[in-house]
Amino acid sequence: MSKMPQKKISSRKYGCFWGIGGAKLQRTFKTNIPSPAAAPAGRAPRSALPKEGRPPPAMEGYRNATEVQMTQLVQPGHTNYRGELSVGQLLKWIDTAACLSAERHAGCPCVTASVDDIYFEHTIRHLHMESPGYSCGRNKVCVGQVVNIKAKVNRAFNSSMEVGVQVSHEDLCNGEQWNVCKAYATFVAQGKPTAKIKLKPLVPQTEEEKIEYSVAAERRRMRLAHADTIKGLLSKSPVQSELETRTCHSVVPAEETRVESVELILPPHANHQGNTFGGQIMAWMENVATIAASRLCHSHPTLKTIEMFHFRGPSQVGDRLVFKAIVNNAFKYSMEVGVCVEAYRHEMEVSRRHINSAFMTFVALDEEGQPRTLPVLKPEPGDGERRFKEASARQKIRLDRKYVISCKHTEVPLSVPWDESNKVYLSYNNVTALKTLVAKADWVPASERDKFKMYTLEEDTFLSIRIEMTTSIDAMQAFLLLSDLQRRHEWDRHYASCELVQQVDKDDMIYHVISQTMSEENKPQDFVVLVSRRKPCSKGDPYVVAFRSVTLPTHPAKPEYTRGETLCSGFCIWQETDELAKVAYYHQATSGVLTYITTNIAGLSSSFHSTFQACEQFLQKNKDDACIEE
Ligand code: COA
Ligand code: ADP
């Protein structure tokens, strides 16, 4: 099992990637600067922010036009044999709410194209199944209690939309609400058979909507590459066989867990166009997967994660669907079950359409709710052995991905170990962190000199700085010049040298930078930095160049340098007019280092000013060298 090490943030090691380490910035800076810009309409006041685990309260006076709310009372018929709301039922509600939201934006029928990985935070239980000592609270919902589902379109692309779905459950006894899971589904608007629909763009209003809108482009990039990413990783991952490393008294042949089940699509399973509801298919898939998992652990398993559902092709009323499931691998405490779905129209039909495949992770819990050790699985020869190995590789990818994607920003270590198998997620994480910072609403003007404006953003654990200018350059040219770290010494006097360590792909590079800035130990700082760059996904989006620290075994910290780290920094460049681009540099620092970074806002802003001035001169001097990429 792979788990990336958590590292405590150390202020001594932290370096300002811009190179202005050592300058002091007092937390009292707010009193010297203009009052904060008004928060956008409907933004929840900080005092109203939710406790951890609770969904945010509804924002007063503003409602997203695509938002759909579904409130369901959990009935006995919705629960499984464990007394918990069945995940299949939940998936049906999620799909329906998401579809209605997508159709509200599109104004025409929509079909589910995919549902991203889902991680379940809390299960929803029947009161009688509760162990002694539990109250009907934090992670339990009884029959007769309420599940709230909120769906809204985060972004419309061409014919497809990303819909974000938040599921919470509500304890009617004490009014508390708890998150169950978050899901992202993609729906495609269906026009006339020959015409591809072009959806109207969505204009985000609130800070949260702006963040989701911006990050949706990153998620789309990742989901469209998902199949290839997994294929590539599977072919490269070294697989260690669990059979060899685990001593276990019981071994179960995979064959004993095999399940096959057929369903006839009837009108209640289909939507208004006669296409089967995606949620219904997911529910049937979860059903057969649960049976396969139960056959291994001989108890009632709990579903922990579902890997992305991709609806490869439609099915209609009258189609027969065959669901096949088997346990692919059993690890110490969790197992992977694979399910595939094929469709056919007539009993005499020989060929079947492969319409879906998914992988689900289950655990078996004991009476205290602790995971039980599972028997070892003996795979079938041939495909079974291949799937056994692929399940091990997927487990590693899943854990790395979950760690990188779902880790709270505050818990991410400043440097994460670089690993080929999680490069896609580290790149995603790098760009997403910067995009999230950019979309924040509470930036406060701090200083203005010549054409350079500086802003600060103070959050619970972070202090961030943004400095921007508008200059006469094409945004693409500025993007190419600023993403080439090997040219940074030409304008940033803090850079002593910069070596390209690895060209990961066309948009991601790792550099080793040696800075002129002296650390507290009176040594120059060095950084190992992942640079991830993105062109705009649609008109109005900025070009993005994001930096974050990584660790590489080939470039360990050396005694002659103090290893500096950057959690999130980078450039955003917007094309303002045909001739003008707005260039903004962002840098985020953790509050633990404020007393270390810091002197006063004037000193810091003057240092930023001179560096940014040099940056503009560099852009002007070299803009005609940067060849525009198509
Ligand atoms: N995840 C998310 N979006 C996807 C996707 C995936 N795995 N595969 C394709 N898309 C998006 C594309 O990005 C494109 O979006 P854009 O127009 O905004 O750029 C859109 O789907 C259409 O892509 P295109 O390549 O023209 O179509 P396709 O031939 O890949 O068809 C579906 C996509 C979804 C329409 C098709 O696979 C389908 O009909 N699937 C079954 C849908 C269904 O019936 N679902 C209900 C359950 S059966
Ligand atoms: P892959 O074989 O590469 O995993 P498939 O789409 O063929 O991909 O199948 C997805 C999963 O469905 C498999 O990993 C397996 O767990 C399950 N599966 C496929 N075929 C069968 C089958 N004939 N019987 C039982 N389960 C199956």
Side-chain angles (χ1 to χ4, degrees), residues 91-92 95-96 98-99 102 106 109-116 155-163 184-191 195-199 201 216-217 219-228 230-231 234 254-255 257-261 265 269-271 273-285 288-289 291-293 295 307-317 319 321-329 335-343 352-360 377 379-380 382-391 393-394 537-538:
L91 292 170
K92 282 199 232 177
D95 184 61
T96 307
C99 181
C110 298
V111 292
T112 323
S114 66
V115 179
D116 294 358
R155 184 160 180 161
F157 299 101
N158 301 307
S159 66
S160 69
M161 287 153 281
E162 180 190 277
V163 183
Y184 294 102
T186 304
F187 284 80
V188 176
Q190 301 271 282
K196 191 171 163 172
I197 285 203
K198 175 73 189 145
L199 291 163
R219 284 189 290 259
R220 175 179 194 254
R221 184 178 189 268
M222 220 164 49
R223 74 174 67 92
L224 293 180
H226 178 78
D228 287 342
I230 295 286
K231 217 192 284 169
L234 290 181
E255 185 55 28
T257 70
R258 186 188 294 277
V259 182
E260 181 168 324
S261 182
I265 312 288
H269 304 134
N271 62 18
Q273 312 141 67
N275 273 339
T276 322
F277 270 121
Q280 178 62 69
I281 294 182
M282 293 190 283
W284 280 327
M285 290 170 83
V288 289
I291 298 170
R295 287 184 176 160
E307 202 168 287
M308 184 182 290
F309 284 102
H310 171 205
F311 293 94
R312 302 157 62 108
S315 59
Q316 279 94 22
V317 170
D319 278 352
L321 298 190
V322 180
F323 296 80
K324 294 176 187 169
I326 197 163
V327 177
N328 285 337
N329 201 336
M335 66 184 109
E336 183 197 271
V337 182
V339 192
C340 80
V341 190
E342 292 165 345
R352 293 177 175 185
R353 288 172 282 133
H354 179 193
I355 63 163
N356 210 320
S357 282
F359 301 98
M360 304 186 194
L377 186 92
E380 292 178 296
D383 271 350
E385 278 164 350
R386 171 182 59 83
R387 288 173 185 148
F388 182 86
K389 286 185 186 154
E390 290 181 349
R394 269 190 298 267
C537 170
S538 25

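Every number for a ligand or one of its atoms is a count from 1 in the order of the listing.
In terms of the salt bridge (charged side-chain N to carboxylate O under 4.0 Å, His left out) criterion, residue partners of Glu255 (sequence neighbours excluded) are, by chain and number, Arg258. For the side chain to side chain donor-acceptor pair (under 3.5 Å) test, no residue two or more places apart in sequence or in another chain qualifies with Ser261.
Using a 4.5 Å heavy-atom threshold, the side chains of Phe157 and Ser538 count as separate. The shortest side-chain heavy-atom distance between Arg220 and Glu162 does not fall under the 4.5 Å cut-off.
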(request) Go through Asp319 and Arg353 one step at a time and tell me if the side chain to side chain contact (heavy atoms under 4.5 Å, CB included) criterion holds. (result) CA-CA 11 Å; Asp319 278 352; Arg353 288 172 282 133; 3.0 Å; yes
(request) Go through the steps to decide whether Arg386 and Asp383 satisfy the test salt bridge (Lys or Arg N to Asp or Glu O under 4.0 Å), and finish with yes or no. (result) CA-CA 5 Å; Arg386 171 182 59 83; Asp383 271 350; 3.4 Å; yes
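Near ligand 2, heavy-atom contacts under 4.0 Å come from Arg258, Lys324, Ala325, Ile326, Asn328, Gly338, Val339, Cys340, His354, Ser357, Phe359, Arg386, Arg387.
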Note every protein N or O atom lying under 3.5 Å from an N or O atom of ligand 1, pairing the names and giving the distance.
{"from": "ligand 1", "atom 1": "1 (N)", "to": "Ser114", "atom 2": "OG", "distance (Å)": "2.9"}
{"from": "ligand 1", "atom 1": "7 (N)", "to": "His310", "atom 2": "NE2", "distance (Å)": "3.3"}
{"from": "ligand 1", "atom 1": "15 (O)", "to": "Ser160", "atom 2": "OG", "distance (Å)": "3.1"}
{"from": "ligand 1", "atom 1": "17 (O)", "to": "Ser159", "atom 2": "N", "distance (Å)": "2.8"}
{"from": "ligand 1", "atom 1": "17 (O)", "to": "Ser159", "atom 2": "OG", "distance (Å)": "2.6"}
{"from": "ligand 1", "atom 1": "17 (O)", "to": "Lys196", "atom 2": "NZ", "distance (Å)": "3.2"}
{"from": "ligand 1", "atom 1": "18 (O)", "to": "Asn158", "atom 2": "N", "distance (Å)": "2.8"}
{"from": "ligand 1", "atom 1": "18 (O)", "to": "Ser159", "atom 2": "N", "distance (Å)": "3.0"}
{"from": "ligand 1", "atom 1": "18 (O)", "to": "Ser160", "atom 2": "N", "distance (Å)": "2.9"}
{"from": "ligand 1", "atom 1": "18 (O)", "to": "Ser160", "atom 2": "OG", "distance (Å)": "2.6"}
{"from": "ligand 1", "atom 1": "19 (O)", "to": "Asn158", "atom 2": "ND2", "distance (Å)": "3.0"}
{"from": "ligand 1", "atom 1": "19 (O)", "to": "Arg220", "atom 2": "NH2", "distance (Å)": "2.7"}
{"from": "ligand 1", "atom 1": "37 (O)", "to": "Phe311", "atom 2": "O", "distance (Å)": "3.4"}
{"from": "ligand 1", "atom 1": "37 (O)", "to": "Arg312", "atom 2": "O", "distance (Å)": "3.3"}
{"from": "ligand 1", "atom 1": "40 (N)", "to": "Phe311", "atom 2": "O", "distance (Å)": "3.0"}
{"from": "ligand 1", "atom 1": "45 (N)", "to": "Thr112", "atom 2": "O", "distance (Å)": "2.9"}

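Judged purely by atom type and a 3.5 angstrom limit, Asp95 has no side-chain atom pairing as donor or acceptor with the backbone of Lys92.
Listed here is the closest heavy atom pair of Ala98 and Phe187: CB-CE1, 3.4 Å.
Ser160 and Thr186 share no donor-acceptor pair across their side chains, judged by distance under 3.5 Å alone.
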